[in-house]
Protein chains: 2
Amino acid sequence: MTTIKDIAKAAGVSVTTVSRALNGYSDVKELTRQKIAAVAKELNYSPNTLARSLVMNKSQTIGLLVSGFTKESVKDNFTVEVLAGVNECASEMNYDLVLFNTNSSMQREKTYTQLCKERRVDGVIIQGIRTDDPYLKEVVDSDIPCVLIDIPVASENVGYVTTDNELGADKAVQHLLELGHRNIGMINGHEYAFVSQKRLKGYKRALEKAGISFNPGYVADGSFKEDEANEATKDLLSRHPEITAIFCASDLMAIGSMKAAHALGRQVPSDLSIIGYDDILLASYVTPALTTVAQNKFQLGFEAAQMLLNLLSKGDQLKQVILQTELKKRGSTAPNK
Amino acid sequence: MTTIKDIAKAAGVSVTTVSRALNGYSDVKELTRQKIAAVAKELNYSPNTLARSLVMNKSQTIGLLVSGFTKESVKDNFTVEVLAGVNECASEMNYDLVLFNTNSSMQREKTYTQLCKERRVDGVIIQGIRTDDPYLKEVVDSDIPCVLIDIPVASENVGYVTTDNELGADKAVQHLLELGHRNIGMINGHEYAFVSQKRLKGYKRALEKAGISFNPGYVADGSFKEDEANEATKDLLSRHPEITAIFCASDLMAIGSMKAAHALGRQVPSDLSIIGYDDILLASYVTPALTTVAQNKFQLGFEAAQMLLNLLSKGDQLKQVILQTELKKRGSTAPNK
DNA sequence: CTGAAAGCGCTAACAG
DNA sequence: CTGTTAGCGCTTTCAG
């Protein structure tokens with residue numbers, strides 16, 4: 001493997017000159033530069049980024065902590081799309097991504113922080129972590145630049161990007177209200193997700209605006225899982241058969257709810273309207289197609305990467321980005337009869 | 001950031017001893033070891049893997065070249081599942097993954113090989129690359145240990161893992177034959193995928209076994225895309241209305257075919273049977289649910305990682321793994337009337 | 001059992 | 001414009 005030393009020798013110059021020439025510094029005679037470039041190509045040279053990173057104390061790498069790559073959770077294309085967005089932005093800025101093994105089946109012995117510090121990533125993007133994850137605080141408290149997705153925490157070198165979850169939920173419920181529904185249930189995620197709290201808030205707000213008092217018994221948790229939402233929906237509907245519409249805090253759960261409705265012999269949307277959240281791929285493929293509150297997952301990732309890179313370059317220090325959502329009316333909601 | 005030097009000073013020993021103690025060498029007095037461990041923890045030490053990799057000439061990192069992280073291609077959860085498998089295996093073996101930016105919208109100036117060499121990854125896994133990708137040959141020819149997914153190339157330090165595509169296609173067509181279909185069309189991917197070639201072969205083989213002569217006009221290409229398959233299917237069916245069943249070389253294309261059938265007023269499965277390949281998530285969610293040939297994508301990734309790590313450890317030098325597929329009978333196929 | 005010293009490949013003052 | 005020198009943090013002979 002050729003090194004700049006080899007090039008220096010072959011070109012009859014010093015390593016310094018080689019380094020400078022190869023890195024495009026201005027203070028190298030054009031002729032020398034060409035000579036060096038030629039030799040480098042001839043010798044099939046590749047710079048060793050490890051060495052460079054070591055001395056520059058900068059790895060041009062950003063770490064990715066996601067908990068969405070387990071065998072089970074591929075259903076949700078949320079993670080992938082976010083990743084695609086991150087990748088796109090990182091790509092443009094010449095950063096590489098390292099995926100940390102946060103979800104091994106084995107007991108993890110190293111904390112995220114350790115992983116990041118050892119790998120000397122320049123910064124880290126965190127997604128899909130529960131707010132009660134013990135390591136979350138650790139990373140945030142560390143001095144590693146960090147951008148969180150859907151977790152509103154900001155500080156010296158921590159920012160976040162999320163969507164307007166309260167408004168999104170509000171819009172969803174608003175839609176149901178406009179269709180004439182009055183008894184609207186909600187299947188929420190779990191308390192360890194900020195988005196759940198926000199979406200519940202939006203649900204309440206929309207209800208309140210419509211002059212409908214909030215009934216805690218109308219809300220159940222589905223842990224963001226299809227199966228649990230299925231169960232929760234069955235339970236909810238049997239306790240409250242008067243419910244004519246359900247707002248689910250995720251599409252996957254909405255699909256679970258639809259199955260529950262089906263099992264209970266209630267037709268969607270004629271007997272029961274269901275609205276989801278996220279606009280995952282499946283949403284438009286299930287039957288009936290799911291009405292949902294769409295969030296731009298790709299953009300979420302892209303913006304997160306952009307914020308992180310800005311943080312790193314000490315450019316604009318924007319610590320908060322809130323994206324808007326869009327109501328997608330499809331087949332799973334209909335006027336109340 | 002603490003270094004072993006700091007620890008050495010604080011513990012009153014040399015850096016050598018610190019290095020050895022921390023790396024669990026046996027030739028360190030137990031007392032010294034404990035002392036060092038204590039100091040290390042006290043000083044909140046994290047080893048610098050960059051430095052270590054540099055001197056050891058080993059980065060404990062494997063590169064991932066996928067072309068499945070563009071904004072458009074998230075539909076296919078194939079890539080993600082493979083990634084999950086790779087991640088799982090790498091995780092167990094304490095390797096980290098670096099995702100190379102192979103799909104930036106900008107013109108890429110660096111070849112895969114360059115990327116790999118610069119980052120000093122120990123090996124690389126390649127997935128979703130077309131066989132006519134100019135860089136593919138380059139990587140394979142380089143001396144970087146490499147495992148390909150679905151591209152049957154093996155050499156000194158190159159291996160591959162794939163599924164038995166010919167048999168899989170054979171099983172699919174067999175299934176249609178058993179349902180009494182005789183005029184069976186095929187929507188294939190494109191010629192730059194080995195799997196397409198294999199699946200076509202399997203299609204022919206099944207037909208031949210049944211004593212049905214191959215009609216080239218019954219085969220069209222859909223480029224593995226939903227839309228193109230849709231068009232191709234419309235075209236195929238209008239040219240050959242006698243076709244009663246179609247074998248699609250991917251589920252995404254099968255979904256496109258289903259839409260085409262719908263547009264043409266042909267009911268699936270009663271008027272037209274459609275069978276896919278892959279068993280992507282969508283397959284079981286569309287209506288009717290798609291009959292398909294399932295491949296274990298997670299395992300594909302897992303085995304690829306395992307093979308690569310074996311290659312790296314100079315353990316068993318298995319260069320070829322072929323996984324089996326499973327026919328999943330669902331709602332999109334029915335007996336020929 | 002421990003330490004001194006060399007060196008991985010590169011960059012960055014600093015001095016010409 | 002170019003070279004000398006030092007050093008990033010770590011591992012590894014080689015001597016004790």
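Residue numbering restarts at 1 for every chain, and letters A, B, ... go by the order of the sequence lines.
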*asked:* Does A/E42, at its CD atom, have more than 12 non-hydrogen atoms belonging to other residues, nucleotides or ligands within less than 6.0 Å?
replied: no
*Take B/R33 and A/N23, find for each the nucleotide of DNA chain C with the closest heavy atom, and name the residue whose nucleotide sits nearer the 5' end.*
B/R33
_Expected output: side-chain B/S19 to main-chain B/V15 donor-acceptor under 3.5 Å_ = no
*Gap between atoms NZ and P, on A/K5 and C/dC8 respectively (whole Å)*: 5 Å
_So if I take every side-chain heavy atom of A/N48 and compare against C/dC10, C/dA12, D/dG9, which nucleotide ends up nearest?_
C/dC10
*Closest nucleotide of DNA chain C for A/P47 versus for B/S14: which of these residues is on the 5' side?*
B/S14
*Take atom OH of A/Y25 and atom P of C/dA13, then tell me their distance rounded to the nearest Å.*
9 Å
*Quick one: sort the B/F298 and B/F302 rings into parallel, tilted or perpendicular, breaks at 30° and 60°.*
parallel
*asked:* Please report the distance, rounded to the nearest Å, between NZ in B/K29 and C1' in C/dT2.
replied: 10 Å
_For B/D132, is the CG atom crowded, meaning more than 12 foreign heavy atoms sit under 6.0 Å from it?_
yes
*Going by distance alone, is a donor N or O of one side chain under 3.5 Å from an acceptor N or O of the other, for A/E138 and A/Y112?*
no
*Distance, rounded to the nearest Å, where A/K35 contributes NZ and D/dC1 contributes C1'*: 16 Å
_Is it the case that D/dG9 (base atoms only) and A/R120 (side chain only) share a donor and an acceptor within less than 3.5 Å, ignoring hydrogens and angles?_
no
_Separation of D/dC8 C1' from A/L54 CG (nearest whole Å)_ = 4 Å
_What contact category does A/T32 fall into here, base, sugar-phosphate, or nothing, at under 4.0 angstrom with non-hydrogen atoms?_
sugar-phosphate
*Remember a base hit wins even if backbone is also touched, and classify B/T16 as base, sugar-phosphate or nothing at under 4.0 Å, heavy atoms.*
base
*Would you say D/dC10 has OP1 or OP2 under 4.0 Å from some side-chain N or O of B/S19?*
no
*What nucleotide, of C/dT2, D/dG7, D/dT11, holds the atom closest to the side chain of B/R20?*
C/dT2
*Please report, rounded to the nearest Å, how far the P atom of D/dC1 is from the CG atom of A/L31.*
11 Å
*Provide, to the nearest angstrom, the distance between the CE atom belonging to A/M56 and the C1' atom belonging to D/dG7.*
15 Å
_Candidates C/dT2, D/dC10, C/dG3 - which lies nearest the side chain of B/V28_ = C/dT2
*Round to the nearest Å and state the distance from B/I4 atom CD1 to D/dG7 atom P.*
16 Å
